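In what follows, a structure is listed as structure tokens, so that the remarks can point back to it.
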Amino acid sequence: MIPYGRQSINEADIQAVVEVLRSDYLTQGPAVPRFEQAVAGYCGAPYAVAVNSATSALHIACLALGLQPGDQLWTVPNTFVASANCALYCGAKVDFVDIDPDSLNLSIGHLERKLAASERDGKLPKVVVPVHFSGQPCAMEEIWKLSKRYGFYVIEDASHAIGASYHGHKVGDCAFSHATVLSFHPVKIVTTGEGGVVLTADTGLHDRLKLLRNHGITREQRLMLDPSEGPWYYQQVALGYNYRMTDMQAALGVSQMLRLDELVGHRRFLADRYDQKLGSLPLILPRRSPGCESAWHLYVVQLAAAVRKARRAVFDELRAEGIGVNVHYIPVHTQPHYRNLGFAPGDFPASEAYYKAAISLPLYAGLSERDQDFVVAKLANIID
Ligand SMILES: *Cc1c(COP(=O)(O)O)cnc(C)c1O
């Protein structure tokens, strides 16, 4: 089976992990700050805090921004459930903003109208989570302007988008957000096995994020509420979690960060190739936003109306050919857990219409041109 996504691990990556196994630290040790510096340096953010997943990163980013019961977080339905679940972890409510059918990202028009209506009702969100779907950056300048006007915090879910750029800004520099979250799951651009990072330019937020990933415990006097009682002393000053990343993971991450541009470059090459080879088929291909470079986590095609077969049939036939196509994403508000919270199919029509037509084709740094040509040929056969 040609998978839809796969990690790329080389000898240097393996050596980096083996070195940690022979060292004194397995849990969070010296490799974690090295990884944080590598990620912050690459993205152009002042601070990075590494944790055990992007899900944990979203959770502590929400907590650090003060999201609590009575508050609302807004995100898009076209995302992985974690972008919304982080609000529920904090006891806050989730609501959704539908996507733009061209960019497949948060629709600025819908956001503007929903904010204006919510201001009239006195129910503005505390946090908005734009998701850079497939690696294509959202319209961050517009979202940032609205955040000033309406007073909400912005957490970018950039789980798909490390290596992407937006009008000369690397995604993750936090020029248009309070925090940016990255995922290092093996299907993402670069991996630590499991792992996540929160990037921020805010010093106070950085302190709170470090506390929250480690039980709310500090060993720094300046963060303690009382004088230290000695070299053994630590204080728990908040309720945090054990969300630490291990040194094995961080060492793998440092090694992978050295390869990031090369890995994204190969994804771009393959995406261009898909564009060329699929251009004449009855498909809606991924749109590229002007001034932006996608990191190409996903290459999603939508079946055009001219295709006689149902998406299900096309999907099944591709799978039967050994092509591991996938679908991203089942709209979050249609999941049973969210239906139990009051959402219903029909609430966010653009996300639902997109979902019905979408197929994610194989795309990863190690995908050979030969395998890609096989995918193209089979897809052409099946839909033509
Ligand atoms: C993968 C992903 C996450 C969660 O990442 P983990 O590191 O697996 O916790 C969150 N949001 C989006 C959009 C993702 O694709």
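As the structure is a prediction and not an experimental result, all values here were calculated from the model. All heavy atoms count here, side chains included; hydrogens, waters and symmetry mates do not. When a ligand or atom number is given, it counts from 1 through the structure's own listing order.
- A ring-centre distance under 6.0 Å is not found for Tyr338 and His333.
- The hydrophobic cluster containing Leu211 also includes Leu225, Val237, under a criterion of side-chain heavy atoms closer than 4.5 Å among ILVMFWY residues, counted directly or through chains of members.
- Residues passing the side chain to side chain contact (heavy atoms under 4.5 Å, CB included) test with Asp95 are Gln72, Trp74, Lys114, Phe343, Phe348, sequence neighbours excluded.
- A heavy-atom cutoff of 4.0 Å around ligand 1 is satisfied by the protein residues Ser53, Ala54, Thr55, Thr79, Phe80, Ala82, Ser83, Val131, Asp157, Ser159, His160, Ser183, His185, Lys188, Gly195, Tyr329.
- Residues meeting the side chain to side chain contact (heavy atoms under 4.5 Å, CB included) test with Pro30, sequence neighbours left out: Tyr25, Arg34, Asp247.
- Taking the centre of each ring, His328 and Tyr4 come in below the 6.0 Å mark.
- For the pair His297 (side chain) and Ser134 (backbone), a donor-acceptor distance under 3.5 Å is absent.
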